[in-house]
Q: 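Shown below is the structure under consideration.
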Amino acid sequence: MRNRLTPARRTRFAARLLLWYDQNKRDLPWRRDAHDPYRVWISEILLQQTQVATVMPYYARFLARFPTVRALAAASLDDVLKTWEGAGYYARARHLHRAAQEIVARFDGKVPPTVDELLTLPGIGRYTAGAIASIAFNRDAPVLDGNVTRVLCRYLNIADDPKSAGTQKELWALAEELLPRGRAGKFNQALMDLGATVCTPRRPLCSACPLNRSCAARRLGIQAQLPAKHQKKTLPHHQVAVGLIWKRGRILIAKRFAKDLLGGLWEFPGGHQEKRESLKQCVRREVREELETEVHVEDEFAVVEHAYSHFRITLHAFNCQWVRGRPRAIGCAEYKWVSPRELSRYAFPSANRKIIAKVMGER
DNA sequence: AACACGTGGGG
DNA sequence: TCCCCAAGTGT
């Protein structure tokens, strides 16, 4: 390990950070709820790759709907997904549901306190296990997230790709080494708060940083260039067409397979446009393949742009008349005819919700 | 080890 | 507009 810190420097690091935290910590709902491991767990899952401001309303709504591990375990996955609707990364919701059932079965309904036990639950990786163990149970467990990575890379001028296995190992070791025994919960949150509010990705506020005097990157004036980022691939762009298929005031929706992208969510039947195929032909073909029924494709109803993390779609929605054949789920898990107002009971991906908004607006 | 997995906000 | 990215995990 290249970066070995002297005991004195470790102590100073923690002392300055904790003092800063006492005066600058954010007042967040899950901090008030830190005595309840279930709430800490929910907050940590919601916060994965998601900003605090986005999480806030979901946190309140989720806990109002599922106040305990047992309530979550007893709920249907559809209800859980509906509560998660719009938050993204829906595997988090599926894992949460499954983990709640495992906690009831294996841990008497209580979130386990140790990193090793937490790691056996779906959706809980090394970061989340450390966060729950330290924040809810004050165990001496380190965390390494995007914030901690940024703070440490800058503080110690670590210029290697932070995603690489070697650097990861080094960073975890450092997070562990810096941890003041008996105060892990506070220390970890302090480190993350510092990264979120002071040691920010762009234009860090070094003058407000409690660690600025001993920060290696700042001394060199290269704060903003760390941590190193690896090159991103350009996003593919797809044309997608879906059908708003009407029959006697009801509309046909299909449920996606659990394992797929947006698994377990509902959508309007349709899919990717193939080469040498018009968007109308695309809807017809997809509906035939997905539901073994025929539709008459009429006018285009709406066009929605939507960016995912790894591709971008232009989603074309067509008004369609159901022609003949009984729908039969082939390429989807399930289908249903629902009235427009019933649409709000089902969890849809963001792109489809924009179309629903138009459907409701036009009625 | 690299990729897949969502979404909304900010510069 | 476009690009970046935000308290990661699973495969």
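By convention in this document, chain letters (A, B, ...) are assigned in the order of the sequence lines, proteins followed by strands, and residues within each chain are numbered from 1.
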Q: Name the closest nucleotide to the A/Arg353 side chain, picking from B/dG8, C/dA7, B/dC5.
A: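 Nearest to the side-chain atoms of A/Arg353, counting from C-beta on, is B/dG8.
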
Q: For A/Arg312, which contact category applies under a 4.0 Å heavy-atom criterion: base, sugar-phosphate, or nothing?
A: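 Contact class for A/Arg312: none.
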
Q: Remember a base hit wins even if backbone is also touched, and classify A/Arg31 as base, sugar-phosphate or nothing at under 4.0 Å, heavy atoms.
A: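 Touches a base.
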
Q: So does A/Arg250 pair up with A/Glu342, basic N to acidic O under 4.0 Å?
A: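 Salt bridge flag = yes for A/Glu342 with A/Arg250.
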
Q: Can you give me the N/O atom pairs linking the protein to nucleotides 9-11 of chain B at distances under 3.5 Å, or say none if there are none?
A:
none

Q: Before accepting this row, confirm whether a basic side-chain N of the pair A/Arg70/A/Asp108 lies closer than 4.0 Å to the acidic partner's carboxylate O.
A: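 Salt bridge flag = yes for A/Asp108 with A/Arg70.
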
Q: Want to settle it: does A/Asp193 or A/His95 sit nearer the 5' end of DNA chain C, counting the closest nucleotide to each?
A: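 The answer here is A/Asp193.
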
Q: Does the side chain of A/Thr50 get closer than 4.0 angstrom to OP1 or OP2 of B/dG6 through an N or O atom?
A: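 Answer is no, no contact under 4.0 Å.
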
Q: Look at the side-chain N and O atoms of A/Arg150 and state whether any lies under 4.0 Å from the OP1 or OP2 oxygen of C/dC5.
A: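 For C/dC5, neither OP1 nor OP2 has a side-chain N or O of A/Arg150 closer than 4.0 Å.
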
Q: Return whichever of A/Ala165 or A/Tyr308 has its heavy-atom-nearest nucleotide of DNA chain B closer to the 5' end.
A: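 Checking each residue's closest nucleotide, the 5'-ward one belongs to A/Ala165.
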
Q: Please classify the nucleic acid contact of A/Trp30 as base, sugar-phosphate, or nothing, using heavy-atom distances under 4.0 Å.
A: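 Counting heavy atoms under 4.0 Å across all strands, the contact made by A/Trp30 includes a base.
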
Q: Can A/Arg285 and A/Glu289 be counted as an ion pair, charged N to O under 4.0 angstrom?
A: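 Salt bridge between A/Arg285 and A/Glu289, a charged N being under 4.0 Å from a carboxylate O: yes.
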
Q: Closest to the A/Gln48 side chain: C/dT9, C/dA6, C/dA7?
A: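 Shortest atom-to-atom distance from the side chain points to C/dT9.
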
Q: Would you say B/dT7 has OP1 or OP2 under 4.0 Å from some side-chain N or O of A/Tyr90?
A: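 Yes.
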
Q: Which is true for A/Leu28 with a 4.0 Å heavy-atom rule: it touches a base, it touches only sugar-phosphate, or it touches nothing?
A: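 The residue A/Leu28 makes base contact.
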
Q: In terms of side-chain geometry, is the basic nitrogen of A/Asp27 or A/Arg32 positioned less than 4.0 Å from the acidic oxygen of its partner?
A: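 Looking at A/Asp27 and A/Arg32, the cut-off is met.
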
Q: Can A/Asp78 and A/Lys255 be counted as an ion pair, charged N to O under 4.0 angstrom?
A: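 So A/Asp78 pairs with A/Lys255 through a salt bridge.
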
Q: Does B/dG8 have OP1 or OP2 under 4.0 Å away from a side-chain N or O of A/Ser350?
A: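 The answer is yes; a side-chain N or O of A/Ser350 sits under 4.0 Å from OP1 or OP2.
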
Q: Can you find a side chain N or O atom of A/His306 that sits less than 4.0 Å from OP1 or OP2 on B/dG6?
A: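 Answer is no, no contact under 4.0 Å.
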
Q: When we call it a touch if two heavy atoms are under 4.0 Å apart, what does A/Ile45 touch: a base, just sugar-phosphate, or nothing?
A: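 Nothing: the residue A/Ile45, judged by heavy atoms under 4.0 Å, touches no strand.
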
Q: May I have all residue pairs that pass salt bridge (charged side-chain N to carboxylate O under 4.0 Å, His left out) and include part of residues 184-206 of chain A, sequence neighbours excluded?
A: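 The answer is A/Asp22-A/Lys186, A/Arg26-A/Asp193, A/Arg31-A/Asp193.
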
Q: Does OP1 or OP2 of B/dA4 have a side-chain N or O of A/His310 closer than 4.0 Å?
A: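 No, A/His310 has no side-chain N/O under 4.0 Å of OP1/OP2 on B/dA4.
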
Q: With sequence neighbours left out, write down each residue that passes ring-ring contact (aromatic ring centres under 6.0 Å, His included) with A/Phe137, or none if nothing qualifies.
A: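 Listed in chain order: nothing, the list is empty.
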
Q: Send over the distance from A/Leu171 CG to C/dA7 P, rounded to a whole Å.
A: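 Rounded to whole Å, this separation is 15 Å.
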
Q: Base, sugar-phosphate or nothing for A/Leu46? Non-hydrogen atoms, less than 4.0 Å.
A: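 Contact class for A/Leu46: none.
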
